[in-house]
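Here is the structure we will look at.
Note on naming: letters A, B, ... go to the chains in the order of the sequence lines (proteins, then strands), and numbering restarts at 1 for each one.
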Amino acid sequence: MQLYKNQELKIYNSLTSKKEVFNPINEGHVGMYVCGPTVYSNVHLGNVRTFMSFDMIFRYLKHLGYKVRYVRNITDAGHLTDDADSGEDKIAKKARLEQIEPMEVVQMYTIDFHNILNKFNFLPPSIEPTATGHIIEQIEIIKEILDKGFAYEVNGSVYFDVHKFNESHEYGKLSGRNLEDLVHNSRALDGQSDKKNPQDFALWKKAEPQHIMRWPSPWSDGFPGWHLECTAMSTKYLGEQFDIHGGGMDLKFPHHECEIAQAEACNNQSPVNVWMHANMLKMNGQKMAKSTGNSINPGELLSGDNDILSKAYSPSAIRFFMMQSSYRSILDLTDDGLLAAEKAYRKLMEAINSLPNLKVSNNSTTDFDVASWKQQCYDAMNDDFNTPILIAELFSAIKFINQIKDGKATISQEDFNTLTNTLHVFVFDVLGLLNITENNDSGSDKLSDTVQLLINMRAEARANKDFALSDKIRDELAAIGIQLKDGKDGTTFSTN
RNA sequence: GGCGUCUUGGCCGAGUGGCUAGGCAGAGGUCUGCAAAACCUUGUACAGCGGUUCGAAUCCGCUAGACGCCUCCA
């Protein structure tokens, strides 16, 4: 099943600002690193969108037959709340506020993170390393950078010398900046810094006495700089050069820029072939971010417990909503948008669930060519993971299915198999949607039987033209959230 | 201030030199005892102005507006 040999995948590379044909370093294998969350509060939906984009990418790469090693880290070491030398680390701050151990903060929100991702049907990454588990590797990298002369020590802290680095390398190539501009436009710091230049960034910070999260190092008891962990862990698990590095758009500068600098300082080669950046999620037209308060927890979306929402949404409806836009576009989360997506998602599922009952004929009508439709689905995904186009293709298949149901088209057994298989692959394996199954909760058999009883009674009443009774059954069931659907083959129901 | 992105029909959201995106809503229809649901059919769109071109929503320029990064953030 090495589909990648027949499919030409193109990926938009942030480093070159172009779509490029994807060729992994080792044929058949892909190394992918994605910057994970800092676990100091509940994940907000923007994080989920980014990770969902990479989940979809992971899924498609796997479907193409690649052996993918997908590394997504957990940032659990404290990083500073601002870039000056003073400032508390985020995890310690949260720990102080809630009067718990920093590692309790980490544990609590790591669990929350995993719970949420499970609800949204994420595949687990191959490796999920933590920053605190790789302090030694980070110290080794600092030593290496110091040896190469691209860092300096001041008062127990070690800083990366961006200006020195820029003499022989190109700092800013990912984000399209040059150092001169950065110098020109950097805000005046108060001069309290140990840094030689404001553009320099910390590799190691000496801990203040009250700082709880600290580790010994050759320079001081302290903690690593926040760009370093990704370099340490990506190098350890994927090598000095690997295929894909992803993250949110907001990490492009300075985080990813600094990662490149660190890795190049160490190994004198560019660490990553393809840089991918997932775009931001807005909410009602405003930037969504933890720091501004304009953010929504995934949990609130699933429970409907938020002012902007008219109702609760299922994880798959939300996933569908996100997959309807391209991962590189800014997406605006609104109640109307979710409502529309939920309906579309249901339509998709109803058609898929009707497939087993579809009548198969000796041959297919010619106006819908299943084989070329299938390739169009691949073409959509091959074009930089264009899920909106893929979904449009899925709906053209849905239309075909409905035409068969109406007797306006026919399908051969072979085409039927291809259609069914392809729909399952893209809807469930690639997009990662979950099926709506009628009455899927365990223990709902009794509910199902009860409703069936009422359906039968209503059918009798209708046969006797006792419409007062039949309408009463229908309306009162609707009032408690059970909707009856009269179809040609009898009545079914759905719960809200 | 610097760098960058975006502006598509009522809403969301693809596309990017000539050929229907798609979804939701709306309208009409089929089905139904009536509804609902489901299905079918249907659309006025490419911010404004100017330019390049046989032809531009798509390329170039200007204007207006929105946004992102530059400071912790996915």
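Distances shorter than 4.0 Å separate some side-chain N or O of A/Lys399 from OP1 or OP2 on B/U41. Between A/Asn386 and B/G15, a side-chain N or O to OP1/OP2 separation shorter than 4.0 Å is present. The phosphate of B/C40 has OP1 or OP2 within less than 4.0 Å of a side-chain N or O from A/Asn402. Listed pair A/Ser329 / B/A14 meets the phosphate criterion, a side-chain N or O lying under 4.0 Å from OP1 or OP2. OP1 or OP2 of B/A25 has at least one side-chain nitrogen or oxygen of A/Lys343 nearer than 4.0 Å.
Taking the 5.5 Å centre cut-off and the 30° plane limit, the aromatic side chain of A/Phe467 is classed as stacked on B/G33.
B/G33 atom P lies 17 Å from atom CD of A/Glu460, rounded to whole Å. In this entry the distance linking CG of A/Asn284 with P of B/C67 reads 13 Å, nearest Å. For A/Gln376 and B/C19, the CD to C1' distance is 14 Å, given to the nearest whole Å. Put simply, NZ on A/Lys347 is 12 Å from C1' on B/A25, counting in whole angstrom units. In this entry the distance linking CG of A/Asn42 with P of B/A74 reads 13 Å, nearest Å. Nucleotide B/U71 holds its P atom 10 Å from the NE2 atom of A/His227, rounded to whole Å. A/Arg328 places its CZ atom 10 Å from the P atom of B/U16, with the value rounded to the nearest Å. In this entry the distance linking CG of A/Leu338 with C1' of B/G23 reads 13 Å, nearest Å.
Between A/Tyr171 and A/Phe201, the ring planes lie parallel to each other; the angle is under 30°, not in the 30° to 60° tilted range.
Comparing B/A37, B/G23, B/G33 by their closest approach to the side chain of A/Gln483 singles out B/A37.
In this structure, A/Asp475 places its CG atom where more than 12 heavy-atom neighbours from other residues, nucleotides or ligands lie under 6.0 Å away.
You'll find a donor-acceptor pair under 3.5 Å spanning the side chain of A/Asp471 and the base of B/G33, going by distance alone. The base of B/A36 lies outside donor-acceptor range of the side chain of A/Arg474, with no N or O pair under 3.5 Å.
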Paired and unpaired positions of RNA chain B as dot-bracket, Watson-Crick or G-U wobble under 3.5 Å, | denoting a partner strand
(((((((..(((.....[...))).(((((.......)))))....(((((..]....))))))))))))....
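No side-chain donor from either of A/Tyr159 and A/Asn197 sits under 3.5 Å from a side-chain acceptor of the other. In this structure, a donor-acceptor pair under 3.5 Å is present between the side chains of A/Gln375 and A/Asp379. Donor-acceptor pairing under 3.5 Å is recorded for the side chains of A/Asp486 and A/Thr491. Looking only at atom types and distance, the side chain of A/Tyr327 has a donor-acceptor partner in the side chain of A/Asp384 under 3.5 Å away.
Residue whose closest nucleotide on RNA chain B sits further toward the 5' end, between A/Gly36 and A/Asp486: A/Asp486. Between A/Ile389 and A/Arg177, the residue anchored closer to the 5' end of RNA chain B is A/Ile389, taking for each the nucleotide with the nearest heavy atom.
Test A/Thr110, A/Thr75, A/Ile111 against A/Val39 for side-chain contact (heavy atoms from CB on, under 4.5 Å) and you get one pass: A/Thr110.
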